[in-house]
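Heads up, the thing below is written out as structure tokens.
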Amino acid sequence: MGELVIVTGDKTIDWMITEEGNPEVHHDDERLRAHVTVCWHPGGVFLLDRLVRSSVTDIPNVEVKCAYDRPLASQIRAYDNPYNHTFGVMKRLRKHNKKRGRVKSYSGFREAGQRRKNPPPTYDSTATVIAIDDASLGFRDNPDNWRNLIPPADSKINPWVLYKMSQKAATGMLWEQILERLHQKDDWLADKLVVVTTVARLRDAGAEISRDLSWERSVQDVASEILRNDAIQTLAQCRNVIVSFGPTGALFIQREDQKPTYTLIYDRERMEGEWEEAHSNGMMFGYGSALCAAVIRQLISDDKEIAGGIKMGLAAMDLIYQRGFGVGVELKFPEECLSGDYKTQREKVAKRFAVADIHPSSLDYHSSILDLYHHERAEIETLSMQVAKAGEGVLKDVPLGRFGELLTVNRTEIESLRAIRNLVVNYCNRISLSSEPISIAVFGAPGSGKSYAVKQLTEPLKMQDHEIKVLEFNLSQLNSSNDLVGALHRVRDVALQGSIPLVFWDEFDSPLRSERLGWLRYFLAPMQDGTFLQGETVHRIGPSVFVFAGGTSSRYDEFGKQAKDASPDSKALDFLSRIRGYIDVAGPDPEIPDDLHYMLRRALLLNSLFKKKKIGKDGHGNFRVDDEVIRAFLEVDTYHHGARSMRAIVETSTVGEGERFKRSSLPDLRQLNLHVEGSCFLGITRTSPPDFGFLPFNSESQ
């Protein structure tokens, strides 16, 4: 006997106006020269039906039935028919691929007309999976649509019920009926219900879920809101809930005896906003339906591993964006991305995703997935050796923060960098000539890479409407407030030219003529009002980003204590109140006594330095560096000048392009002493190394 999938839910038709040639219309007579075509596409339940069919084409004996007949072109009108309608504008892709396109903008929505009354659907009682596409467009609130859809509690047939919630999640008559059954003892539905929704819809319902900070924070926020937020608390009564973050990840929550487990399937490098920015050439819809189709395929397979289906669904979303719509009289959704023909492509994309089993109680707001998976010193040493040789690809099970050329695995640093990046992006998107500067602070040990971190963070923003121009001023080298006025004039000139000045005020916490924190009071007006005074003349600075880099404080908390203890005349607390965000940059040395992951930070930096030095590689793509040399870099107690010292040692080593980096390539003792305790460093290179190989390295590099 074969498998039967029933698909039902809200019916929609998606309309797209496709621009031909130049779409700009400035005068009324030009409207006749701006050619467009109109395409339509069966969406909602019809799209889900097609995607499910595509996903199971390579599985024998599977039948998919839609509760409604697919609309015919002759029946389709954009008014007064039984379908809901959405409207948008389509943009064609590159010139060499004009037959494909993506959505340029969405124009709105029109509810179904009420003039035609259709008979209620009938459902086959032998289904293996029942898929419900609920977009809050009328299906959920008319019992005729779903009467006899889900078998009763005492039924011998217990199908999987996949309930896709879109707008107004966890509300409506159908949901209330399902909740009543979840409260009944021995009702099979409690075990077989799978709810699929999106984090965006939970936010619409009032859930306070952070965006683009870290995957750890996202898991904590979703778990907390489902338990505590009245608007979505009923989801906590479901044993299987999938919360999608779009093409970047999903959280699968399972409950057994009220004890939830959380499985996060996530893109190791990108979160929601980062994916959207990297894929900004038009938009696609149907991601939720693609995820559901992949999960349904998994439910009718032998292993029933839902997390595996989620992973393939996320990969399919990415491929859907890459393919775009086929543009014609009827818009063609790239449903082939879920078919067996695209299995290899999906598996290739799926390698970007990691799977982490987490319980939010095991995470505080400082611990991370990295802490949970790698916390033994010996393992971290081994992993760091491999990262130094092979790069970040070795880290297959932890989130990475990539900002330009900066790569970090430190959760606190990732969250800080993303938070600051979001601040700067939002600021740049709403600036005007009258905008005041936005002020952020960055702290770290000397040589930790404070300026480098912020520059890498803002580097991609140069591709936006406003170019960012970097200016740097070291306040320890200025003598008076008059010198500061001159610096502010330079900032003002850049702003007047249409660029956004990214201004580094280095060592802002240095004294002014022996006055502790003496510079701070001179920044209050520029930070608050965007002005500065020269004689009796007030000058407006214009939009700019102020970055205050600490010189005497290595962390924000240290500076905060200084500010509280400072003289009231310094206005240190007033200065702090004007800071909109801060970053504590983790350097290559241990941050705290139990900090074992400093070796990973060193390994990532070391790998990038090997790339710049163009060290030779073996047949496996690993850098040809003696293990003793890497161990010395990883294990030496401290670097005198942080990351600058690591860079200096590599740069002054006598190893040519394409050559092997050997112990004899290192600088001599006197040169090493400039950056490390040289005898200690060289001593490490002469000790017998432990066994570092659980990844296959070329024997030449052992």
Side-chain angles (χ1 to χ4, degrees), residues 7-16 41-49 51 67-68 78 81-88 103 105-114 130-146 149 161-179 193-209 211 221-222 225-226 229-238 240-247 250-251 253 272 276 283-293 295 313 317 320 333:
V7 183
T8 189
D10 285 301
K11 300 173 287 183
T12 65
I13 301 296
D14 302 308
W15 295 87
M16 287 290 155
H41 176 268
V45 64
F46 303 121
L47 176 59
L48 179 58
D49 171 61
L51 296 186
Y68 306 97
N81 63 36
Y83 307 114
N84 300 288
H85 301 273
T86 68
F87 302 89
V103 181
S105 62
Y106 294 108
S107 303
F109 155 75
R110 177 184 175 88
E111 288 185 277
Q114 301 299 319
I130 298 170
I132 304 170
D133 190 332
D134 181 355
S136 187
L137 298 177
F139 177 86
R140 65 167 63 167
D141 292 321
N142 183 354
D144 288 341
N145 290 327
W146 37 267
L149 171 61
V161 178
L162 184 140
Y163 190 177
K164 174 176 175 278
M165 294 179 175
S166 297
Q167 304 294 329
K168 300 178 183 177
T171 62
M173 291 179 62
L174 175 56
W175 180 240
E176 291 171 2
Q177 290 288 320
I178 288 175
L179 284 178
L193 176 67
V194 180
V195 173
V196 182
T197 188
T198 69
V199 69
R201 301 291 76 82
L202 298 187
R203 291 185 184 120
D204 289 345
E208 296 183 9
I209 300 171
R211 179 181 170 91
D221 289 349
V222 170
E225 289 297 298
I226 287 179
N229 191 300
D230 292 340
I232 59 173
Q233 200 173 41
T234 52
L235 293 176
Q237 301 173 34
C238 304
N240 302 286
V241 177
I242 301 170
V243 179
S244 168
F245 291 84
L251 180 63
I253 307 172
E272 301 165 79
E276 291 167 4
M283 300 174 284
M284 296 291 290
F285 53 77
Y287 291 138
S289 295
L291 177 62
C292 289
V295 171
M317 291 185 202
I320 285 167
F333 190 89

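Each residue takes its place number in the sequence, starting with 1.
No donor-acceptor pair under 3.5 Å is formed between the side chain of W15 and the backbone N or O of H85.
Residues V196 and Y163 form no side-chain contact, since every pair of their non-hydrogen atoms from C-beta on lies 4.5 Å or further apart. In this structure, the side chains of I242 and V295 come closer than 4.5 Å at one or more pairs of heavy atoms. Side-chain contact between Y287 and S244 is absent, with no heavy atoms from C-beta onward closer than 4.5 Å.
The side-chain contact (heavy atoms from CB on, under 4.5 Å) test applied to T234 returns A170, W175, L179, Q237, not counting sequence neighbours. The side chain to side chain donor-acceptor pair (under 3.5 Å) search around T8 returns Y123, not counting sequence neighbours. Qualifying side-chain contact (heavy atoms from CB on, under 4.5 Å) partners for E272, counting only residues two or more places apart in sequence or in other chains: V199, R203, R211, D212, F245, T248. Among residues two or more places apart in sequence or in another chain, the side-chain contact (heavy atoms from CB on, under 4.5 Å) test is passed with T197 by M165, A169, R201, L202, V243. S107 meets the side-chain contact (heavy atoms from CB on, under 4.5 Å) test with F87, V89; sequence neighbours excluded. Here D221 pairs with S210 under the side chain to side chain donor-acceptor pair (under 3.5 Å) rule; sequence neighbours left out.
The shortest heavy-atom contact between C238 and L193 is SG-CD2, 4.2 Å. Listed here is the closest heavy atom pair of G206 and N229: O-ND2, 3.2 Å.
Side chain to side chain, R110 and T86 fail the donor-acceptor criterion of an N or O pair below 3.5 Å.
More than 12 non-hydrogen atoms from other residues, nucleotides or ligands lie less than 6.0 angstrom from CD of Q233.
Ring orientation note: the planes of Y83 and F46 are nearly perpendicular, at an angle over 60° on the 30°/60° scale.
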